Amino acid sequence: MINILLPDGSSRQFEKGATPMDVALSISEGLARNVLAAKINGQVRDLNTPIEEDASIQLLTWNDTDGKSTFWHSSAHLMAEALEAIYPGVKFWVGPPVENGFYYDIDTNGQVISHEDFKKIEDKMLELARQKNAFERIPMPKGDAIRYFEEKGDEYKLDLLQGLEDGQITFYKQGNFTDLCRGPHIPNTSYIKAAKIMNVAGAYFKGDQNNKVLTRVYGITFPKQKELEEYLVVLEEAKRRDHRKLGQELDLFTFSDKVGKGLPLWLPKGAMLRERLENFLRKAQVRSGYQQVVTPHIGSKALYETSGHWEKYGADSFQPIRTPEEGEEFMLKPMNCPHHCEIFKARPRSYRDLPLRLAEFGTVYRYEQSGELHGLTRVRGFTQDDAHIFCSSDQVEDEFKKVIDLVLYVFKSLGFEDYSAQISLRSREDRSKYIGSDEDWEKAESAIQKAAKEKGLNTVIEYGEAAFYGPKLDFMVKDALGRKWQLGTIQVDYQLPNRFSLEYVGADNQKHRPVMIHRAPFGSMERFIAILIENTAGNFPLWLSPEQIAVLPISEKYEEYANDVFLALQENDIRGYVDHRAEKIGRKIRDAEINKIPLMIIIGEKEQEEGKISLRKKGEGDLGSFTIDEFVAYAQQEINKNIPKFGNN
RNA sequence: GCCUUCGUAGCUCAGUGGUAGAGCACUUCCUUGGUAAGGAAGAGGUCGGCAGUUCAAUCCUGCUCGAAGGCUCCA
C-alpha cells in the first residue's frame with residue numbers, strides 16, 4: 001500500500017500502482033468526471049500514471065492553470081490531427097498552450113490557411129473530439145523516434161529530437177495523429193466540447209528572422225460550449241475598450257498617412273488630457289526636488305557617438321539630417337539623456353549640487369519597424385516624462401527608492417492596480433550587447449534588486465531585458481487585448497557618466513564620477529494614455545476629463561442664463577461646453593453621455609428663476625438642484641479626491 | 001522588416017465587369033421641447049494610390065501606400 005497526500009492535508013491509502021484517476025474516483029464521481037491531469041509531487045502528469053510510492057497529489061481541473069494548460073496542449077494535438085486531415089503533407093513544429101488557448105506552428109507545404117477555412121478546421125476538430133480517442137503515451141528509444149520521423153520525412157521533428165536525450169523520448173497518439181511530445185495530456189479527446197480557431201500568423205522557425213516562416217495557427221477550446229460563448233463576449237468587450245477605437249470616438253488623437261505612420265496627431269481633447277497628466281506629474285516632481293529643463297529635438301551625431309547610441313542603434317535609426325552648406329550631421333533625438341548629460345557638464349558641479357534631478361517632457365523619435373507600430377503604444381515619435389538624477393554612488397539607493405515611491409504614487413493616483421514590477425537584467429548567455437564593466441553592472445543590478453526588495457515590491461526577474469547601458473526596474477501593464485507593455489521605468493546607469501566624463505568635486509576636494517538614474521513614471525505619454533483609455537474605457541476621472549461638464553439649456557430661451565452659468569464655472573477652472581443646438585433635452589443628454597462627459601448641468605425655466613442649476617451625473621442620472629457655489633464646491637471635491645499630494649499619502 | 005488578412009462618404013458598413021448606396025455625423029429649415037435619439041430637405045465619394053488586362057475596372061492582375069493579427073525588434 002502507498003500513502004497519497006492530498007492538498008487539504010488529508011491522506012489516503014491506495015494499492016501500489018494506483019493512478020491519479022483512482023484517487024479522483026475515491027473522492028467523488030463528479031471530480032473524476034472533471035479532472036484533467038494531476039500534479040504528482042509537484043509535476044504535472046497524465047491521469048493514468050501509475051503511482052509506485054508515497055506521493056502528494058493535486059488533481060487538476062479546468063479551474064487550475066495547469067489543468068487548463070494541459071487541456072489546451074491536448075487541444076493543440078487535436079487541431080494538428082484536424083489540420084493533417086484537411087491539408088495533406090503538412091509538417092508540424094511545436095504546439096504549446098498559451099495564456100488564452102494554444103497554437104501550432106506548421107509548414108503548410110505551400111497551402112494557405114485562410115479565415116474561411118477556420119470553420120472547416122473547427123468542425124473537423126469537434127468531429128475528431130467526439131470519437132473519444134485516448135491520448136496514448138508511448139515511450140520510445142531515440143533511435144526509433146528518429147527512424148519514425150525520417151520515414152515521415154519530417155525535418156522539423158528531427159530537429160527537435162536532436163536536442164533531446166535518449167531515454168526521455170515519448171510520443172503521444174490520439175486517433176490518427178502521433179506526435180513527439182513530453183505530455184502530459186487529458187485522458188481523451190471527448191473532453192473538448194467547443195473549439196474556435198482564432199487566427200493565423202507567420203512565425204519564424206525557432207524565432208529567428210533568418211529562418212523560414214512557418215504558419216502559426218491559434219486556437220482556443222473549452223470543455224463547454226457556453227464557456228466559449230462567454231469568452232467571445234469578453235473578447236468583444238475588450239475590443240470596445242481598445243484605445244484606438246475610443247481615441248477615435250472621443251476625438252483624442254488621430255493619424256494621417258501624409259504625416260506618416262506611427263506619428264500621432266493629438267486633437268484638442270487628447271491634448272487636454274495630456275496636459276492634465278503632465279501638470280499632475282510636474283507638481284509631484286517639484287515637491288520631490290526635480291528641476292525642469294528643455295532641450296532641442298535634434299542633437300549632433302557626435303553626441304550619440306559619445307553616448308554609444310550611434311554604435312548600438314545608428315543603423316536602425318532615422319538617418320542623420322545634414323545641413324546643406326556645412327554638411328554637419330544631426331540625429332533626431334532618440335533619447336534625452338545625452339542632452340541632459342551636457343546640461344550637467346555645462347558648469348563645474350559640487351557634491352553640494354547632488355542629487356541633481358533634471359526633468360523634461362522630451363519628445364523623441366525612434367525608427368520602429370513598420371510591422372511593430374500599434375496605436376499609441378508603439379509609435380515613432382513620442383514624449384517621455386523623462387528625468388535624469390545625477391547623484392553620488394552612496395545616494396543611489398535612496399534616490400532609487402524615492403523614484404519607486406513616485407512611480408507608485410502615479411500608478412495609484414490613476415487607478416493602475418494591475419501591474420507587475422519587472423527587474424530587467426542582462427542576458428545570462430549573451431553579454432556582447434552590453435557596454436561597461438561587469439563590476440559596474442553587478443553594482444547596478446544589486447542596487448535595483450535591493451531597492452525593490454526594501455520597497456516591498458512583488459517583482460519578477462527577466463534576463464536579457466536590460467538596456468544596453470544598465471539594468472531596469474520596469475512597471476509592466478496589460479492592454480485590453482492582453483498584450484504586455486512597459487510603462488514606468490527606472491534605470492541605474494554607470495556607463496553614460498563614464499562616456500561623458502561627468503565629474504563633480506567631492507567634500508574631499510577630489511573629482512568624483514556621479515551615477516545616473518534614468519526614470520520615467522508614465523514611460524511615454526502616448527503609451528500611458530493608451531493604457532489609461534483602456535483601463536477606464538474612456539470614462540476618465542473628473543480631474544482628467546478633457547470636458548468636465550456639458551451645460552444643457554432646455555431651450556433657446558435659457559441660453560443667456562446657460563452662458564452665465566458656464567462663464568461662472570470657467571472662472572473656477574471647470575472646463576466644458578454649452579450645447580446650443582436646437583435639440584430636445586433628451587437628445588443633448590444622450591450625446592453628452594455618449595461622449596462620456598462626467599457631469600451635465602441642465603438649465604431651464606425653474607433653474608433660471610431660482611438662480612440654480614440641475615446636476616446630472618453620467619451613468620447615474622439626476623442629482624438634484626445646486627447653487628453655482630454648491631456645484632463648484634462639489635466639483636472641486638470630486639476633482640481632488642483622486643489626487644492626493646505626493647508625499648502626503 | 002517577415003507572414004496572413006483587409007482598404008467604398010467624417011464614422012459604421014451594403015454593393016456591382018457597364019463610372020455607387022444605407023444608417024449615424026454634417027448644413028439649412030420647421031419644432032422651443034424637462035433627464036439617453038423630434039421632423040423635413042440638402043450637401044458630401046476620381047470606391048487608398050499607380051500601372052496593366054478589357055470596348056468598358058470600384059470589382060480581375062501586378063506593384064505601391066496604409067491598417068489589423070502575429071513573428072522578429074524595442075535606447
Side-chain angles (χ1 to χ4, degrees), chain A residues 98 103 105 108 112-117 198-218 239 242 244-245 248-249 251 254-258 260-262 304 307-314 316-317 333-338 364-375 377-380 384 386 433 435 465-470 472 481 483 485-486 489 491 493 495-496 518 552-559 582-594 600-607 614-624:
Chain A
V98 289
Y103 66 79
D105 280 348
T108 60
V112 172
I113 299 178
S114 71
H115 290 78
E116 292 86 69
D117 302 328
M198 300 307 292
N199 53 50
V200 282
Y204 297 111
F205 177 52
K206 293 187 178 178
D208 186 334
Q209 277 197 81
N210 303 310
N211 286 346
K212 176 169 182 172
V213 174
L214 299 177
T215 301
R216 178 168 295 180
V217 186
Y218 284 87
K239 273 188 198 156
D242 191 312
R244 293 166 297 183
K245 190 171 161 61
Q248 152 122 287
E249 287 171 5
D251 287 325
T254 190
F255 288 90
S256 147
D257 293 356
K258 220 158 205 165
K261 58 186 167 193
Y304 301 102
S307 72
H309 290 100
W310 171 255
E311 194 195 349
K312 181 80 184 167
Y313 294 106
D316 299 317
S317 296
K333 160 166 99 173
M335 288 287 286
N336 302 299
C337 34
V364 296
Y365 301 89
R366 297 178 183 174
Y367 165 75
E368 303 283 3
Q369 299 181 113
S370 58
E372 260 314 321
L373 300 173
H374 181 91
T377 50
R378 193 82 183 266
V379 286
R380 286 179 169 175
Q384 296 178 314
D386 211 357
K433 40 185 188 176
I435 59 170
E465 294 294 312
F468 74 98
Y469 50 75
K472 311 190 283 174
L481 300 175
R483 283 176 286 222
W485 299 97
Q486 174 204 307
T489 182
Q491 310 171 5
D493 181 4
Q495 308 313 325
L496 276 190
H518 308 239
L552 312 178
I554 300 271
S555 86
E556 280 169 18
K557 291 183 208 155
Y558 316 109
E559 286 258 313
E583 293 289 350
K584 297 217 272 193
I585 192 67
R587 176 55 181 273
K588 292 182 181 180
I589 287 169
R590 179 184 149 82
D591 289 344
E593 291 271 351
I594 286 172
M600 285 154 270
I601 285 170
I602 287 141
I603 301 287
E605 187 178 1
K606 184 163 70 94
E607 288 75 15
S614 284
L615 180 61
R616 180 190 161 94
K617 197 168 177 179
K618 177 189 63 177
E620 290 182 25
D622 196 355
L623 294 188

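Keep in mind it's a predicted model, so treat the numbers as computed, not measured. Per chain, numbering begins at 1; letters A, B, ... match sequence-line order.
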Original post:
Does some side-chain heavy atom of A:Met600 sit less than 4.5 Å from a side-chain heavy atom of A:Glu593?
Top reply: yes
Original post:
Does A:Asp242 come within less than 4.0 Å of A:Arg244, counting only side-chain N to carboxylate O?
Top reply: yes
**OP:** Examine B:rA68: is either OP1 or OP2 under 4.0 Å from a nitrogen or oxygen in the side chain of A:Arg244? Give yes or no.
**Re:** yes
Original post:
Is there a donor and acceptor pair, one atom on the side chain of A:Glu607 and one on the base of B:rG34, closer than 3.5 Å?
Top reply: yes
Original post:
P atom, B:rC6 versus B:rA14: distance in rounded Å?
Top reply: 13 Å
Subject >> Distance-only donor-acceptor test (3.5 Å): side chain A:Arg587, base B:rA37 >> reply: no
**OP:** Have a look at A:Lys606 and say if it touches a base, only the backbone sugar-phosphate, or nothing, with a 4.0 Å heavy-atom cut-off.
**Re:** base
Subject >> Phosphate OP1/OP2 of B:rG70: any A:Arg483 side-chain N/O under 4.0 Å >> reply: yes
Original post:
Between A:Met198 (CE) and B:rG69 (P), how many Å, whole number?
Top reply: 13 Å
Original post:
Looking only at side-chain N and O atoms, does A:Gln248 come under 4.0 Å of OP1 or OP2 in B:rU12?
Top reply: yes
Subject >> Contact under 4.0 Å: A:Tyr204 side-chain N or O vs B:rC2 OP1/OP2 >> reply: no
Original post:
Parallel, tilted or perpendicular: which describes the rings of A:His309 and A:Phe468, with under 30° parallel and over 60° perpendicular?
Top reply: perpendicular
Subject >> Phosphate OP1/OP2 of B:rA67: any A:Arg378 side-chain N/O under 4.0 Å >> reply: no
Subject >> A:Lys584 vs B:rG38: side-chain N/O to OP1/OP2 distance below 4.0 Å >> reply: no
Subject >> 5' precedence on RNA chain B between A:Gln384 and A:Ser555 (nearest-nucleotide basis) >> reply: A:Ser555
Original post:
Taking only side-chain nitrogens and oxygens of A:His374, does any of them come within less than 4.0 Å of OP1 or OP2 of B:rG69?
Top reply: yes
